[in-house]
**Student:** 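Let me begin by handing over the structure; questions about it come next.
So you know, we letter chains A, B, ... as the sequences are listed, proteins then strands, and number each from 1.
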There are 2 protein chains.
Amino acid sequence: MQSRTPASRTGRPRSAAADTAILAATREALVELGWSKLTLSDVATRAGVAKTTLYRRWAGKNELVVDAVAELFDELELPDLGSLAADIEGVVLQFAAILARPEARSGLMAVVAESTRDDALRERIRASIVDRQMRLVLQGRARAQHRGELPPEPDPEQAARTVDLIFDMVAGAVVHRTLVSGKPADEEWVHSFIRILLLGLVGAARTP
Amino acid sequence: MQSRTPASRTGRPRSAAADTAILAATREALVELGWSKLTLSDVATRAGVAKTTLYRRWAGKNELVVDAVAELFDELELPDLGSLAADIEGVVLQFAAILARPEARSGLMAVVAESTRDDALRERIRASIVDRQMRLVLQGRARAQHRGELPPEPDPEQAARTVDLIFDMVAGAVVHRTLVSGKPADEEWVHSFIRILLLGLVGAARTP
DNA sequence: GGCATTACGCTACGACTCGTAGCGAAAGCT
DNA sequence: AGCTTTCGCTACGAGTCGTAGCGTAATGCC
């Protein structure tokens with residue numbers, strides 16, 4: 001999480017209960033106050049710990065919220081529904097459900113905005129949130145190629161570019177729909193979206 | 001801009017020069033400080049106006065930054081390069097160039113994040129930033145249908161849904177590529193992206 | 001058991017930002 | 001002229017930040 005593996009063996013260990021309480025309190029405060037009005041003092045009070053304890057574990061608001069929001073994405077996993085289209089629709093609906101939660105809406109975009117000026121924060125987001133989503137794309141693509149729904153890509157460099165592109169298209173569209181357009185990414189929308197995406201992918205694979 | 005049409009006819013008029021100076025100073029501060037460290041006092045000093053003048057015109061940081069960033073999107077327009085694919089690639093590259101600028105990167109995501117808890121702010125963003133982009137999608141679609149590159153859509157409700165979907169796919173992918181993945185939306189990427197998108201669109205139009 | 005080490009809760013602190021109020025002067029209009 | 005609104009300036013209370021210092025609590029090692 002926020003601490004590297006303890007090289008220190010001696011001394012009083014950090015309370016694991018405090019960690020979970022703080023992260024839960026952070027999400028609760030995100031729901032009630034939003035990003036800008038969230039203060040670390042308030043989170044500490046909610047979690048029942050001292051403010052100094054918070055600062056001993058996290059460098060600041062950014063890092064704390066990244067960890068608090070990252071836990072929301074833990075439940076994300078690729079279902080096996082028999083076809084690539086159904087699998088993708090399933091995982092995209094999960095993703096949309098997470099983004100519909102207020103603690104994700106207010107927190108995620110805020111830390112992404114901050115990460116444009118903070119490379120360490122960008123890396124933290126990538127490692128704890130984005131990579132988890134990216135793995136689903138890789139997994140789904142491999143399964144589809146095994147099923148024969150997508151042709152295999154011999155050039156690994158080209159394959160990497162394609163996976164990146166698919167990832168940006170999927171995550172970007174859902175995020176934009178939910179947070180910018182402010183409309184729900186419901187089943188009907190996801191179905192239309194995935195239909196266009198897959199038609200485009202198989203079309204592109206047919207005519208290189 | 002930020003003030004409704006002046007119902008007040010008498011008295012000293014507001015300085016238009018101050019407006020442009022303030023918005024320019026805001027963008028400058030966004031570049032140097034980023035969203036979180038930007039203060040209204042600092043902007044006022046840079047613009048050479050008093051802090052109170054700022055508060056007379058804008059309700060707060062959110063509204064000010066929305067107006068400052070919105071001006072960046074004024075230059076967006078749909079080129080006429082002969083084909084739908086070329087037109088879209090052209091406008092998407094313009095869009096990507098704007099998002100590559102640091103004042104847009106740090107400002108845009110931050111106000112979007114704030115807008116998740118502030119409906120008035122969301123509406124302000126929609127009116128001054130998003131609508132301008134949406135009009136390009138409508139324009140490009142109409143032109144493509146006139147050229148015969150896309151079939152006409154008889155059902156207006158279905159057409160509206162499709163335009164919304166295209167908009168979220170295009171804007172979402174570019175924003176995600178630029179701000180989350182942190183990689184440039186260069187010509188090669190845009191070309192691959194638009195190719196898949198258009199293949200999907202014509203494929204979906206063929207098999208309804 | 002005693003000891004070293006680290007985490008914890010608590011209080012207090014200077015530095016900073018926020019948004020507003022009050023003032024006199026300036027710039028328009030009729 | 002006189003009226004009205006904006007402007008620059010100063011000052012202010014309220015709130016937040018991040019840190020320091022202290023005594024206490026919980027563990028590992030001898």
**Student:** Tell me the interatomic distance from Y55(A), atom OH, to dA7(C), atom P, rounded to whole angstroms.
**Tutor:** 18 Å

**Student:** Counting distance alone, no hydrogens or angles: does the base of dG8(D) have a donor or acceptor under 3.5 Å from a partner atom on the side chain of K51(B)?
**Tutor:** no

**Student:** Taking NZ, NE, NH1 and NH2 as the nitrogens, is one of them in E32(B) or R27(B) under 4.0 Å from a carboxylate oxygen of the other?
**Tutor:**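 Between R27(B) and E32(B) there is no salt bridge, as every charged N stays at least 4.0 Å from the carboxylate O atoms.
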
**Student:** Under 4.0 Å: is that the gap between some side-chain N or O of T53(A) and OP1 or OP2 of dA7(C)?
**Tutor:**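 Answer is no, no contact under 4.0 Å.
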
**Student:** How close or far is atom P of dT17(C) from atom CG of D42(B), stated in whole angstroms?
**Tutor:** 8 Å

**Student:** Nearest whole angstrom, please: distance from the P of dG18(D) to the CG of L64(A).
**Tutor:**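 Taking CG of L64(A) and P of dG18(D), I get 12 Å after rounding.
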
**Student:** Between the side chains of S83(B) and E149(B), does any donor sit under 3.5 Å from an acceptor?
**Tutor:** no

**Student:** Please report, rounded to the nearest Å, how far the P atom of dA26(C) is from the CZ atom of R14(B).
**Tutor:**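 Interatomic distance, CZ of R14(B) to P of dA26(C): 21 Å.
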
**Student:** Between C1' on dT16(D) and CG on L38(A), what's the gap in Å once rounded to a whole number?
**Tutor:**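 Distance, rounded to whole Å: 12 Å.
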
**Student:** Would you kindly give the NZ-to-C1' distance between K37(B) and dT16(D), to the nearest whole Å?
**Tutor:** 16 Å

**Student:** Rounded to whole Å, please give me the gap between CZ in R12(B) and C1' in dC29(C).
**Tutor:**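 Atom-to-atom, R12(B) to dC29(C), this comes out as 14 Å.
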
**Student:** So for atom CD, which belongs to E77(A), do other residues, nucleotides or ligands contribute more than 12 heavy atoms lying within a distance under 6.0 Å?
**Tutor:** no

**Student:** For S15(B), which contact category applies under a 4.0 Å heavy-atom criterion: base, sugar-phosphate, or nothing?
**Tutor:**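 Answer is sugar-phosphate: S15(B) comes under 4.0 Å of backbone atoms only.
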
**Student:** Are E28(B) and R46(B) within salt-bridge range, i.e. N to O under 4.0 Å?
**Tutor:**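 Counted as a salt bridge, because a side-chain N and a carboxylate O are separated by less than 4.0 Å.
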
**Student:** Atom CH2 of W58(B) and atom C1' of dT20(C): how far apart are they, to the nearest Å?
**Tutor:** 19 Å

**Student:** Quick one: which of dT4(D), dG8(D), dC17(D) gets closest to the side chain of T39(A)?
**Tutor:** dC17(D)

**Student:** Salt bridge check, K51(B) against D42(B): does any charged N sit closer than 4.0 Å to a carboxylate O?
**Tutor:** no

**Student:** Using a heavy-atom cut-off of under 4.0 Å over every strand shown, decide if T52(A) touches base, sugar-phosphate, or nothing.
**Tutor:**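 Base: the residue T52(A), judged by heavy atoms under 4.0 Å, touches a nucleobase.
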
**Student:** For K61(A) and G48(B), find the nucleotide of DNA chain D closest to each by heavy atoms; which residue's nucleotide sits nearer the 5' end?
**Tutor:** G48(B)

**Student:** Need to verify one output field. Residue with the more 5' nearest nucleotide on DNA chain C, R56(B) or P13(B)?
**Tutor:** R56(B)

